[in-house]
Amino acid sequence: MSIWDKITGRKSSSSTTTSSSSNTDSFHPAPFNPSETEDVSSFLSGPGLIDPTQLHPLAGLNQQTLDYLSLEESTLSDLPGSQSALPSRGWSDDLCYGTGVTYLTALTIGGAWGMREGLRKSHGQPPKLRLNSTLNAITRRGPFLGNSAAVIAMVYNGFNSFIGHMRGKHDSANSVLAGALSGMIFKSTRGVRPMMISGGIVASVAGAWAVTRKALF
C-alpha cells in the first residue's frame, strides 16, 4: 500500500481480491430436496390466497333482505290474452319492442321501394350517376316510411295498452280499435276522408297481426 493510499483511505486491490475470494469460499448452498418443494395445488390453497368470492360487490350481504333485488317489472302481465309465445311485462315492453320492430320493418320496405324507384329512374345513365340516384331514392323513401310507421306504432301501443287496461283483457278488438284510432290521429290534419282511409288501413293491419299472433304464437 502506497503513501497516497494511506492518506486517501483507499484499499489496495490485493486486499479486495483476498476478501472477495474468502467470502466466495465460505458460501455453501444447501442440497436440493424435491420432496420439500410446493406444487400448484398447495400454492392455490394457501392461507394467503384471496378468496375470489369476496371480490363480488354483494359479498357478505344477505341478498334476501335487499329490496332492489325484487324487481316488480320482471313479473309478466296477468291480463287475459296477454300470455303467448311472445310474453309481455306490460305496456313498456309493447311500446319498446313493437315500435322498434315496426320501425326496422318499415325502414327495410322503404329502402327496397327506394332502390326499385332509383334503379328504374336512372336506367341508361352512367354507373356513378345511377348509384347516386339509387342511394338518394333509398335515403328518401326508407326513413320516411320508417319514421311514419314508428309514430303510428307508438300511438297504437299506447291506445292498445290503455284499452286493455280499461277492459281488463287483451283481444283482437283492442288491436283493431287501437289501430283505427292511431291511423285517424296520424292523418288528422289532412281532413276527414284521409283520416278514415288511414284509420281503416292501420285497423286492417292491426287486425291481421292480432289474428296471426293468436294463430301462430
Side-chain angles (χ1 to χ4, degrees), residues 68 70-122 132-217:
Y68 70 89
S70 302
L71 300 178
E72 295 296 336
E73 296 179 354
S74 61
T75 58
L76 297 177
S77 178
D78 55 354
L79 291 179
S82 62
Q83 302 295 331
S84 65
L86 301 175
S88 173
R89 291 178 295 181
W91 68 273
S92 59
D93 279 8
D94 297 337
L95 180 64
C96 294
Y97 300 142
T99 304
V101 172
T102 303
Y103 173 76
L104 293 177
T105 303
L107 184 66
T108 304
I109 296 174
W113 175 22
M115 178 181 291
R116 179 179 178 277
E117 182 181 12
L119 293 175
R120 181 174 54 83
K121 290 185 177 180
S122 61
N132 186 38
S133 177
T134 303
L135 291 178
N136 289 337
I138 291 174
T139 54
R140 182 174 64 254
R141 298 299 186 184
F144 165 73
L145 193 62
N147 294 336
S148 301
V151 171
I152 296 176
M154 291 178 64
V155 180
Y156 164 79
N157 284 291
F159 275 124
N160 190 28
S161 299
F162 177 75
I163 295 173
H165 176 72
M166 297 301 296
R167 295 185 61 200
K169 63 179 179 178
H170 284 294
D171 54 9
S172 300
N174 294 4
S175 300
V176 174
L177 181 58
L181 293 175
S182 303
M184 288 189 293
I185 291 178
F186 182 72
K187 290 293 184 180
S188 59
T189 59
R190 299 295 183 87
V192 178
R193 188 170 182 271
M195 283 177 58
M196 296 301 170
I197 294 175
S198 177
I201 294 174
V202 179
S204 301
V205 174
W209 162 247
V211 173
T212 303
R213 181 180 178 181
K214 185 177 181 180
L216 300 180
F217 302 106

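The model shown is predicted, which means the values in this text are computed figures rather than measured ones.
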In Å, rounded to the nearest 0.5 Å, how long is the span from CE of Met166 to CG of Asn174?
11.5 Å
Do Ile138 and Trp113 have side chains that get closer than 4.5 Å, going by heavy atoms?
no
Holding to side chain to side chain donor-acceptor pair (under 3.5 Å), I want the full list of residues that pass it with Ser175, two or more places apart in sequence or in another chain.
Tyr156
Using atom types as modelled and distance alone, determine if a side-chain donor or acceptor of Asn132 lies under 3.5 Å from a backbone N or O of Leu135.
no
Which heavy atom in Met195 sits nearest to a heavy atom in Met184, and how many Å separate them?
O-CG, 3.3 Å
If you measure from CG on Asn160 to CG on Leu95, what distance do you get to the nearest 0.5 Å?
11.5 Å
Hey, which of Thr105, Thr99, Leu104 is the one that makes side-chain contact (heavy atoms from CB on, under 4.5 Å) with Val101?
Thr105
Rounded to the nearest 0.5 Å, how far apart are SG of Cys96 and CE of Met154?
9.5 Å
For Pro143 and Thr139 the tightest heavy-atom approach is CD-O, 3.0 Å
Scanning both residues in full, the closest heavy-atom pair of Ile185 with Ser188 reads O-OG, 2.9 Å
Is there a donor-acceptor contact under 3.5 Å from the side chain of Ser198 to the main chain of Pro194?
no
Drop me the distance from Ile152's CD1 to Ile201's CD1, to the nearest 0.5 angstrom.
9.0 Å
Roughly how far, to the nearest 0.5 Å, is the CG atom of Leu177 from the CD1 atom of Ile163?
4.0 Å
Correct closest heavy-atom pair for Thr134 and Ser122 would be OG1-OG, 4.1 Å
What heavy-atom pair brings Gly114 and Ala137 nearest, and what distance separates the two atoms?
O-CB, 3.1 Å
Any idea which heavy atoms bring Ala203 and Val176 closest together, and the distance?
CB-O, 3.6 Å
Atom pair CD1 (Ile197) and CZ (Arg190), whose distance is rounded to the nearest 0.5 Å
11.5 Å
